[in-house]
Amino acid sequence: MKRPTDVPPPLRAGADVTAQWCFDERWSFAALVPHGPHGRADWLATVMQTIQGHAVLRHVDREELREGILPVSPAQALDLAKLISGGSLLSGSNKSLRAPDAERDARLRELLRGVGAGAHFFTNHGHAEDGEEGDFLASAFHVNGLTGITIDVCLIGVSDERVLVLWRFEDD
């Protein structure tokens, strides 16, 4: 069966998530990778290895990352994925991100499912401090900046199989 050209192929670990899943590499980074040699126990090492060669993300410090992220629910992870794929960190999220977009939302849900069963999600977005009440599409928010030279928001997903790294960055 032939797939329409605007639908990406099924998600696989190691796939070029940036190109296939609507993340503009001028302002974002996206990768879905298998764990490194130490598995889930050292998922932070997998994240650091994944972002190591990126011009902006290479400035992230492992300890700052460990201390600067908080857990979020899968529903909140979807909102964060929307923000990272299409919202501005300087002018606030685009109001259209709150509007249902069946194609975008389906792609992002599939991407988040691609992390694997029992995935846990983390972010440096300031509204994570609000727990289940956190609004990641608010027009104004603060972040625990991790890149050092830009404003940035990350979403990290961790399962027994894979690690998802989504990151948006903008010069302030």
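Start at 1 with the first residue, then count along the sequence. Scope of the values below: all heavy atoms of this structure, side chains included, with no hydrogens, waters or symmetry mates.
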- Query: CD of Q76 to OG1 of T123: how many Å apart, nearest 0.5 Å?
  - Reply: 9.5 Å

- Message: Between D42 and R62, does any side-chain N to carboxylate O distance fall below 4.0 Å?
- Response: yes

- Approximate separation, where rounding is to 0.5 Å, of D152 CG and W167 CH2: 6.0 Å

- With sequence neighbours excluded, what pairs up with F121 under the ring-ring contact (aromatic ring centres under 6.0 Å, His included) test? none

- Task: Mind checking the OG-CZ spacing from S85 to R168? Nearest 0.5 Å is all I need.
- Result: 8.0 Å

- What is the distance from atom CG of L65 to atom CG of N124, rounded to the nearest 0.5 Å? 8.0 Å

- Smallest heavy-atom separation, I69 atom then C154 atom, equals CG2-SG, 4.1 Å

- Over all atoms of both residues, closest heavy-atom pair of H59 and V56: CD2-O, 3.2 Å

- Task: Grab the two heavy atoms, one from V115 and one from E161, that are nearest each other, plus how far apart they are.
- Result: O-OE1, 4.0 Å

- Task: Find the distance between CG (L83) and CG (L166) and round it off to the nearest 0.5 Å.
- Result: 11.0 Å

- Query: Between H54 and F29, what is the ring plane arrangement, given parallel below 30°, perpendicular above 60°, and tilted in between?
  - Reply: perpendicular

- Item | Atom pair CZ/CG of R109 and L78 - distance to nearest 0.5 Å | 6.5 Å

- Query: Just wondering, do V163 and L32 contact through their side chains at under 4.5 Å, heavy atoms?
  - Reply: no

- Task: For the pair R66 and E63, find out whether any cationic side-chain nitrogen is under 4.0 Å from an anionic carboxylate oxygen.
- Result: yes

- Message: Tell me every residue that passes side chain to side chain donor-acceptor pair (under 3.5 Å) with T50, counting only those two or more places apart in sequence or in another chain.
- Response: none

- Message: So which atom in S159 and which in G116 form the shortest heavy-atom distance, rounded to 0.1 Å?
- Response: OG-CA, 3.8 Å

- Message: Quick check: closest heavy atoms across I156 and W43, and the distance to 0.1 Å?
- Response: CG2-CZ3, 3.8 Å

- Task: Identify, with sequence neighbours excluded, every residue that meets ring-ring contact (aromatic ring centres under 6.0 Å, His included) alongside H35.
- Result: none

